[in-house]
Participant: 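Please find one structure pasted underneath; my questions will follow.
One-based numbering, in listed order, for ligands and for the atoms of each. All values below come from the heavy atoms of this structure, side chains included, with hydrogens, waters and symmetry mates left out. Position 1 is the first residue of the sequence, and the numbers go up from there.
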Amino acid sequence: MKAITVEPRKPGTVRFEDVPDPDAREGSVLVEAIAAAVCGTDVEIAEGKYGWAPPGKTRLVLGHESLGRVIDPGPRSSLKKGDLVTGIVRRPDPVPCPNCAVGEWDMCRNGLYTERGIKEIHGFMSERWRIEPEYAIKIDPSLGILGVLLEPTTVIAKALEQILAVGQRAFWEPKTVLVTGAGPIGLLAAAVARLPRLEVHVLDRIETGLKPDLVRALGATYHSGRVLDIGFEPDVIVECTGVGSVIADSIQKVGAGGVVCLTGVGAGGIAMGAVADVAAAAVLKNNVVVGSVNANKRHWYKANDRLARLDRTWLSRLITRYEKPENFTQALERKPDDIKVVIQFSEI
Ligand SMILES: [Zn+2]
């Protein structure tokens with residue numbers, strides 16, 4: 001079979017090449033790939049900045065946002081041939097730490113977890129892949145190809161759960177949400193936050209085009225410019241840019257008793273002199289800044305439910321390009337109008 005592979009930490013090593021069929025040790029469920037979506041992490045791995053091959057190997061099969069069709073459910077799963085599935089990305093560390101021991105691998109304490117397509121386990125950008133039944137998530141069949149958006153939605157499901165858990169340390173009925181960054185995660189966050197009819201605002205640098213249109217189509221308000229200029233103090237800010245100045249502004253702008261959830265990963269940042277000012281704003285308003293990454297099985301379940309409740313036409317507009325696997329170079333390129341790029345391995 002063919003797969004998109006890379007030698008991690010070596011730029012320019014991505015290939016679409018022949019590889020052995022998936023190893024039976026990767027799981028008893030055999031899946032035919034339909035699609036894999038590209039995210040910033042894949043681009044970083046392709047650029048040689050991140051990623052780990054499986055132990056003893058030099059190359060890693062890329063891809064962690066998957067959609068496939070079950071070819072063989074194997075002996076011990078409730079799945080059926082033809083079911084649409086996606087694969088959970090992270091696996092608990094082998095020690096395991098207390099959180100991994102109770103199934104909260106997203107909260108792993110020792111960093112020894114592994115991740116498909118990222119850290120020491122092959123990913124899903126191959127014509128066929130295997131998965132353990134307990135890590136295969138059956139997709140609502142009415143989603144079709146849009147099921148490939150489940151993995152980024154799990155990030156949102158976890159972030160919103162964290163926000164709610166933190167906010168409820170005191171009396172708290174949040175009404176307004178600001179999402180910073182109108183990429184795939186930000187737009188999905190806005191859409192999921194609209195399900196319980198919260199007042200949602202999205203801020204991005206871009207002024208016109210598809211992103212503002214998609215925000216308005218949700219019944220949400222679009223802002224371009226600075227967080228400090230949005231004209232109100234949100235109860236919740238979901239920060240999806242990872243940009244230091246946006247983070248600092250968010251911590252200062254969030255309303256009293258509010259929660260800023262950081263989901264973006266950036267580098268560099270604000271000048272040290274400003275940290276005390278930002279911290280003072282958080283102290284005086286009892287604000288919480290919480291980081292959130294990855295997702296456990298509960299979040300995959302919730303995300304499947306939330307994604308299935310979103311408008312299909314709106315979701316389909318998030319996928320701005322489909323590419324064939326042999327065109328991996330274009331698929332891994334960031335173009336200005338891209339929101340989500342999907343590599344399609346077979347027809348749905
Ligand atoms: Zn752990």
Participant: Determine whether more than 12 heavy atoms belonging to other residues, nucleotides or ligands lie under 6.0 Å from atom CZ of Arg309.
Facilitator: yes
Participant: Does Arg226 have any side chain to side chain donor-acceptor pair (under 3.5 Å) partners at least two apart in sequence or in another chain, and if so, which?
Facilitator: Asp249
Participant: Side-chain donor-acceptor contacts of residues 78-85 below 3.5 Å, not counting sequence neighbours, with atom names and distances?
Facilitator:
residue: Asp83; atom: OD2; partner: Lys80; partner atom: N; Å: 2.8

Participant: How would you list all residue pairs meeting side-chain hydrogen bond (donor to acceptor under 3.5 Å, both in side chains) that involve residues 176-190, not counting sequence neighbours?
Facilitator: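 For residues 176-190, and leaving out neighbouring residues, the side-chain hydrogen bond (donor to acceptor under 3.5 Å, both in side chains) pairs sorted by first residue read Thr176-Asp235, Thr180-Glu239.
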Participant: Less than 2.8 Å away from the Zn ion (ligand 1), how many protein N/O/S atoms can be counted, ignoring water?
Facilitator: 4
Participant: Just by modelled atom types, is the Ala295 backbone N or O under 3.5 Å from a matching donor or acceptor in the Asp106 side chain?
Facilitator: no
Participant: Does the Lys NZ or Arg CZ of Arg91 fall within the cation-pi geometry relative to Tyr135 - under 6.0 Å from the ring centre and within 45° of the axis?
Facilitator: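 Yes, Arg91 and Tyr135 form such a contact.
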